[in-house]
Amino acid sequence: MEYKASEVENKWQKFWEENESFEPKEDYTLDKKYILSMFPFPSGRLHMGHVRNYTIGDAFARFYRQAGKNVLHPIGWDSFGMPAENAAIKNGAHPKQWTYDNIDYMRSELSRLGLSFSKKREFATSDELYTKFEQGFIIDMYEKGLMYSKTGLLNWCENDQTVLANEQVVDGCCWRCDTPVVKKEMNQYYFKITDYSDELLNDLNKLEDGWPKQVLTMQENWIGKSTGLEFDLHFDAASKTKLNNAFEKFDVFTTRPDTIYGVSYCALAPEHDIVTYMLENNLLPNEVSAEIKKMKNASSIDRQKEKAGVPLNISVVHPLTGASIPVWIANFVLMDYGSGAVMAVPAHDDRDYDFAKEYNLPIKSVIKPKKGELPIDKAFTETGILFDSGEFDGLKSKESQGKIMHHFDTNGLGKKVINFKLKDWGVSRQRYWGAPLPFIHCEDCGLVMEKKENLPVALPEDIEITGEGNPLDHHPTWKYCKCSQCGKDAIRETDTMDTFVQSSWYFLRYTASPSIWKEKAFDKKELDYWMGVDHYIGGIEHAILHLLYARFFTKVMRDLGYINTDEPFNHLLTQGMVLKDGTKMSKSKGNTVDPDALVEKYGADTARLFILFAAPPTQELEWNDSAVEGAFKFLKRFADRSKNAYETEIIPSINHGMLSKTEKAARNKVYEALERANEVFAERHTFNTLIAGVMEAMNALNEQDNADVWTEGYWIISSIIEPIVPHLCWEVADKLFKRKNFSPAEVLQEVFTVDTLC
RNA sequence: GCGGAUGUGGUGAAAUUGGUAUACACGCUAGACUUAGGAUCUAGUGCCGCAAGGCGUGGAGGUUCAAGUCCUCUCAUCCGCACCA
């Protein structure tokens with residue numbers, strides 16, 4: 001058989017399309033598999049990262065289909081977002097037009113790769129039907145107290161003209177455009193993700209078997225739970241007077257209560273209420289005020305460069321010793337963690353030590369190592385034995401912590417508390433191409449929800465996009481509406497939602513059979529059947545953002561009564577990047593390989609084969625043009641040697657004992673490949689070794705000329721690499737076996753017995 | 001600084017539980033066929049050495065009959081977090 005890739009691929013793509021071969025069955029008694037690759041943003045064209053992502057997912061989907069499972073393998077478009085607006089600003093294209101044109105083009109690209117998606121379940125998150133249900137959830141969440149608005153200092157990107165969530169600030173810069181993020185005070189809507197801090201952390205345990213450890217660790221660190229002592233520090237009389245008796249005290253948090261006798265100063269964040277009060281009431285010398293203002297205005301990167309602070313010339317009383325402790329302002333104290341104030345123990349904390357050295361503050365050691373001496377020129381930050389610590393002398397750090405916290409508690413001085421680094425998720429964006437928040441501002445009723453029957457609150461299409469300000473706010477009529485409660489004139493909220501909201505529930509929407517799409521977002525029975533996603537495949541860059549938000553949303557949906565699932569993704573496979581010349585492929589570096597050109601030249605099967613053969617999926621993949629060529633040659637050979645097999649609709653039965661040595665060796669390799677394929681799909685996911693096994697089998701078959709052995713070999717091989725090389729395998733298997741071989745073959749142990757006679 | 005990962009031929013990589021290190025492929029060398037070959041096929045290809053032989057999984061130790069795999073230390077690279085009190 002001569003190998004004409006485009007002919008074979010067109011033929012079978014047409015066949016699959018006409019036969020709707022990849023639609024899941026709506027029979028919920030069958031064994032299911034839900035295979036999902038992260039859906040793409042419709043940027044215009046596919047890149048190699050997409051090809052890798054969808055090839056991996058497709059391999060799983062096709063494997064499980066052969067294994068008789070009912071497979072849900074959907075695709076859609078994460079289609080809201082700023083690039084659409086940026087294109088509008090740059091080229092004058094309407095964001096909607098730009099987006100849906102891109103989707104049409106990229107859909108055809110995906111189809112040419114032979115990916116076995118359910119076509120009927122495809123949607124874009126910018127579809128009004130999707131927005132409608134999403135806005136419904138927002139209303140539910142608001143009513144359940146899981147959403148609120150507040151004014152605060154927010155991360156603002158000047159370039160994108162919008163706020164960013166904490167997770168979207170990378171190294172002090174915007175995650176999308178790398179512009180340094182500045183702080184801006186504005187009103188913002190938040191999801192109360194912190195209500196789920198503990199559950200999001202604890203449920204990571206449930207994912208231990210299915211998720212990469214690295215991702216679990218990253219999420220754990222991001223949630224950042226720490227347990228410690230919170231207590232008040234009271235001002236002395238003179239300080240209270242100085243503060244016009246406006247403040248009595250402030251509270252601090254420490255995870256090292258065992259070091260409390262070593263406190264020699266304490267420090268407030270420059271943004272702390274007491275500092276603000278002192279500034280506003282001119283209680284500080286001019287040069288000190290100036291210094292504080294400078295600290296507050298410094299970028300987060302500058303602020304980290306070196307420790308700086310100023311004394312406030314006020315003091316608090318040590319809660320245990322009664323000693324007087326000076327209060328400073330320090331640039332390293334974070335306002336948004338704990339209470340924005342810390343007790344400083346320079347002898348046992350690196351930061352406090354550096355600061356004390358800088359400003360000549362006293363350093364008092366109270367913990368000594370179990371063995372050896374205290375270091376002379378740095379802080380001793382490990383645990384040890386307490387000394388100069390009153391009644392707690394001689395105790396080990398660990399046991400003293402409990403006792404000290406208990407002492408604070410019973411004497412009403414403070415209490416044990418748990419702090420999280422995780423912050424609430426700010427979701428308002430001051431942009432056009434996003435899902436509008438379904439909120440209305442009424443002069444009489446305040447903030448009210450749009451009525452559910454009026455959803456969706458859709459975007460206006462006659463819009464002017466200039467890059468200046470929020471286009472919805474500038475629209476002549478859109479924001480004027482009636483209050484949903486009292487009917488009076490009111491104003492719509494013009495902020496749209498973070499696009500991560502849409503990707504937080506799209507995998508739930510896919511479970512809905514298209515027949516119910518218009519009535520509801522999804523159906524509980526269908527969710528129960530399909531969720532969780534058995535294999536979720538995507539880039540490691542989503543380790544925190546998307547994967548944390550999606551977990552949060554799943555728990556919220558559960559608590560709103562929509563579903564019974566705790567965790568959305570049973571198994572997560574994080575694919576490695578596609579590199580060329582040692583660096584990530586990118587347009588700016590000019591080292592991209594265009595998937596279309598690759599498919600044009602060699603066909604989709606070659607592209608798929610190479611991409612799975614070159615490296616295990618979790619590792620980086622270095623592009624190599626001649627190795628692509630090699631993959632193509634293998635397929636040509638595979639097509640050509642199929643002439644050695646004969647047509648049959650049952651697997652040949654072979655008397656193994658009667659075979660020659662090379663014939664036995666060939667069968668041995670074939671069945672080894674079969675065993676390995678089963679293992680690879682079930683556990684190891686190292687498709688490169690599966691392919692190597694198939695190549696070995698081909699090489700071994702080539703060493704002999706028994707037609708039965710060849711036929712058996714093709715029966716098995718064309719079935720096990722069908723998930724990877726689908727078009728050619730369907731062609732070969734159709735010609736030879738009427739595709740009767742597309743179901744798992746039995747592993748015959750006899751072929752593995754070592755033949756001692758020859 | 002903290003956390004995680006990775007180090008194997010010229011290259012991408014394999015070795016699943018400690019059991020023949022380098023499977024499979026790329027590249028390279030030689031040959032066959034050919035008007036020609038960037039097609040196809042055959043043979044070879046870890047390093048040193050004419051050979052016998054020796055040496056080889058970042059480095060140094062250790063456990064073991066046996067170590068790429070386990071333990072200790074160390075070096076390098078990559079990734080994530082980064083003043084979280």
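Order of the sequence lines fixes the chain letters, A, B, ..., with proteins taken first and strands second; residue numbering starts at 1 for each chain.
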Determine which nucleotide pairs with [N], using a 3.5 Å limit on both distances of a Watson-Crick or G-U wobble pair.
| N | answer |
| --- | --- |
| B:rA5 | B:rU77 |
| B:rU57 | none |
| B:rU17 | none |
| B:rC50 | none |
| B:rG10 | B:rC26 |
| B:rC41 | B:rG31 |
| B:rG68 | none |

Let me know the distance between [atom1] of [X] and [atom2] of [N], rounded to the nearest Å.
| X | N | atom1 | atom2 | value |
| --- | --- | --- | --- | --- |
| A:F332 | B:rG1 | CZ | C1' | 15 Å |
| A:I544 | B:rG3 | CD1 | P | 17 Å |
| A:M295 | B:rC83 | CE | P | 16 Å |
| A:K421 | B:rA82 | NZ | P | 7 Å |
| A:N221 | B:rG1 | CG | C1' | 14 Å |
| A:K636 | B:rG38 | NZ | P | 14 Å |
| A:R637 | B:rU40 | CZ | C1' | 10 Å |
| A:F687 | B:rA23 | CZ | C1' | 19 Å |

Examine B:rC81: is either OP1 or OP2 under 4.0 Å from a nitrogen or oxygen in the side chain of A:T217? Give yes or no. no
Quick check on B:rC41: is either OP1 or OP2 less than 4.0 Å from any side-chain nitrogen or oxygen of A:R641? yes
Touch class at under 4.0 angstrom, heavy-atom based, for [X] against every strand present:
| X | result |
| --- | --- |
| A:K633 | sugar-phosphate |
| A:G338 | nothing |
| A:N699 | sugar-phosphate |
| A:V252 | nothing |

Taking the same atom, [atom1], in [N] and in [M], what whole-Å distance lies between them?
| N | M | atom1 | value |
| --- | --- | --- | --- |
| B:rG58 | B:rA14 | P | 14 Å |
| B:rU16 | B:rA21 | P | 14 Å |
| B:rG49 | B:rA60 | C1' | 28 Å |
| B:rA13 | B:rG46 | C1' | 14 Å |
| B:rG56 | B:rG61 | P | 11 Å |
| B:rG1 | B:rG68 | C1' | 32 Å |
| B:rG7 | B:rU57 | P | 14 Å |
| B:rC71 | B:rG10 | P | 28 Å |

Is any NZ, NE, NH1 or NH2 atom of the basic residue among [X] and [Y] found under 4.0 Å from an Asp or Glu carboxylate oxygen of the other?
| X | Y | value |
| --- | --- | --- |
| A:D258 | A:K398 | no |
| A:K206 | A:D203 | yes |
| A:K307 | A:E358 | no |
| A:K415 | A:E230 | yes |

On RNA chain B, compare the nucleotides closest to A:D350 and A:M218; which residue's is nearer the 5' end? A:D350
If you pin A:Q304 and A:M695 to their nearest nucleotides in RNA chain B, which one's is more 5'? A:M695
Output field: ring centroids A:F332/A:F355 closer than 6.0 Å: yes
Syn/anti state of B:rG9 by chi, 90° boundary around 0: syn
Give the minimum heavy-atom separation between A:P375 and A:F380, together with the two atoms involved. CD-CB, 3.8 Å
What pair of heavy atoms forms the shortest contact from A:W328 to A:P311, and how long is it? CE3-N, 3.5 Å
When rounded to the nearest 0.5 Å, the distance separating CG of A:L690 from NE2 of A:H685 is 11.5 Å
Identified ring pair (Phe, Tyr, Trp, His ring centres under 6.0 Å) partner of A:Y602 from the options A:F632, A:F634, A:F610, A:Y3: A:F632
Which nucleotides of nucleotides 11-16 of chain B have their base under 4.0 Å from a protein heavy atom (B), which only their sugar-phosphate (S), and which neither (-), written as one string 5' to 3'? -SSSSB
Residue pair A:S400 / A:S397, side-chain donor-acceptor N/O under 3.5 Å: no
Can you tell which of B:rG4, B:rG27, B:rA23 lies closest to the side chain of A:S626? B:rG27
